[in-house]
Number of protein chains: 2
Amino acid sequence: MRDNDVPEIRSLPLFQEMEDQNFEALIRGAYVQTFPPQVELITEGDPADFLHVVISGSVELFAAWNRRQTTMATVRPISTFILAATIKDAPYLMSARTMEKSRLVLIPSMDVRDVFETDSRFARAVVSELAQCYRSVVKNTKDLKLRSSIERLANYILRIHTTHDRAMQFDLNLEKRRLASFLGMTSENLSRAIKSLRPYGVEIDGQRVTITDLADLEQLAKPSPLIDDYSI
Amino acid sequence: MRDNDVPEIRSLPLFQEMEDQNFEALIRGAYVQTFPPQVELITEGDPADFLHVVISGSVELFAAWNRRQTTMATVRPISTFILAATIKDAPYLMSARTMEKSRLVLIPSMDVRDVFETDSRFARAVVSELAQCYRSVVKNTKDLKLRSSIERLANYILRIHTTHDRAMQFDLNLEKRRLASFLGMTSENLSRAIKSLRPYGVEIDGQRVTITDLADLEQLAKPSPLIDDYSI
DNA sequence: GGATCTGTTTGACATTTATCAAGTTTGCTG
DNA sequence: CAGCAAACTTGATAAATGTCAAACAGATCC
């Protein structure tokens, strides 16, 4: 990959603070590639050969066991995924597939580990990123274990609402079947959960979400910063 | 705390590689303290004032929401907890309470962050620890989302079996109600799950677990290293 | 524009899990 | 050792969630 192929990744917190020469070393060995939708980028259990950066499009992280499959997260531009496996030189715990046509940068894990050893500002940025990831997964576990499926849906809607500048109308950024899987339920169950939220101030028509009564929804959802605020 | 109060913590991977003088700086500001059982050490939402190290005894990490409560993890000697909150200077996401009489070292978070900024070997050790924690939580999420409660119990038993040198008989290291909460079910449900595992080669009497047919149990549990092996 | 495909919704039903209310056991304490 | 409290178990029942099948809707493709 050439130096100025994808200038935007330099501004990622993970790469912002590092030495120029080290960033260039990472970039030199990296590939930029555009993938069609539904391409499996990595498979759980495989060695972590590349750190992935999503430049455009979106990627689903999922996991499988015994013929069951679940969506673990979705990754949107611009962010990295599977940093932990890269740094630890351990097998991926999740698989990844493009949800739509997506452009990615693949940085060889070995290069990342090399720079990690020599550039201590980069090492500190890795800590910050990993701590953030860790806390996100902990929040997600609390959501799963402490809430019913309807409560999870209600809080999910409030989270999008918040990230969309508190708009009262917005689009789901996920197919419903993926949302269902992410929230830990079946599509059928999500369908019914959506219906049962209507009396609490949410209308969902196709991808379009309209909050008709925020107070009602909040009273049902009882959002908590320690579960729903991804910025802390 | 004096230099040689608790020499064993120097050998933790987190502190092993760091400069002597920095380790001493951490120790100087730290407290060693023994707590009785059932003492709430930290409360979720509070600022992360101390990094905690369990020297003896055991600590339960738990989370609450809307009058519900769930066990997130148990911490046993010698390990640290809430490293992520300490490093990010963010509020705790989980509360902690002693399960039995326990001895802890409390290291002021500010000292940890100071040393983190100056000692890059320590910073790298933090990365390693955080990556490990992150991967553990991801595995736990897969366990929760992909398995039924009986499957989670079966795999839990196999994990203890493995960590106990593949002994066919061992004690549960957790009260059943805590185990139930950790596995994401009620005590009653755990009681029934235990009964329903009997035909698959597990007898549980009080705290005593006996595996009577490992092959049967494994066939039911279908353990996977990407969920159950905490060493990778 | 009709045929086809995929995703979504709905209904009927099954299974899993939780709740409530007794009992029973266990372990501690005076 | 009796008495008590807490943990655990059991049964009956309810609620939540999943499964299966079919209908429906929206996109895509000749």
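Order of the sequence lines fixes the chain letters, A, B, ..., with proteins taken first and strands second; residue numbering starts at 1 for each chain.
- Remark: P of D:dT9 and CD1 of B:I204 are 9 Å apart, rounded to the nearest angstrom.
- With values rounded to the nearest 0.5 angstrom, B:Q169 atom CD is found 10.0 Å from B:I211 atom CD1.
- The distance between atom CG of B:L174 and atom P of D:dA7, rounded to the nearest whole Å, is 13 Å.
- Protein atom CZ of B:R177 is 8 Å distant from nucleotide atom C1' of D:dA6, rounded to whole Å.
- Open room surrounds CD on B:Q219; 12 or fewer heavy atoms of other groups in view lie less than 6.0 Å from it.
- Separating the NZ atom of A:K195 from the C1' atom of C:dT10 is a distance of 6 Å, rounded to the nearest angstrom.
- Atoms CD (A:E100) and P (C:dT6) sit 19 Å apart, rounded to a whole Å.
- The structure places NZ of B:K142 at 13.5 Å from CZ of A:R68, a figure rounded to the nearest 0.5 Å.
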remark   = Scoring nucleotides 23-30 of chain D by protein non-hydrogen atoms under 4.0 Å (B base, S sugar-phosphate only, - none) yields --------

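- Note that the CZ atom of B:F182 and the OG1 atom of B:T71 stand 8.5 Å from one another [nearest 0.5 Å].
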inquiry  = Could you walk me through whether A:D228 and A:K222 satisfy the salt bridge (charged side-chain N to carboxylate O under 4.0 Å, His left out) test, starting with their C-alpha distance in whole Å, then the side-chain angles of each, then the deciding distance to 0.1 Å, before giving a yes or no?
reply    = CA-CA 10 Å; A:D228 302 295; A:K222 297 186 175 55; over 6 Å; no

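- For the pair B:R159 and B:Y230, the cation-pi criterion (under 6.0 Å, within 45° of the ring axis) is not fulfilled.
- Between the CD1 atom of A:I194 and the P atom of D:dT17 there is a distance of 15 Å, given to the nearest Å.
- Annotation: cation-pi pair B:K101/B:F35 absent, no NZ/CZ under 6.0 Å from the ring centroid and within 45° of its normal.
- Expressed to the nearest 0.5 Å, how far CD1 of B:I157 lies from CG of B:L214 amounts to 11.5 Å.
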query = When every nucleotide of nucleotides 12-30 of chain C is labelled 5' to 3' by its protein contacts under 4.0 Å (heavy atoms), B for base, S for sugar-phosphate only, - for none, what sequence of letters results?
reply = B----SSBB----------

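- With rounding to whole Å, A:L190 atom CG is found 10 Å from C:dT8 atom C1'.
- Remark: B:R97 CZ to B:S58 OG distance equals 12.0 Å, nearest 0.5 Å.
- The nearest whole Å value for the distance from the CZ atom in A:R68 to the C1' atom in D:dT17 is 14 Å.
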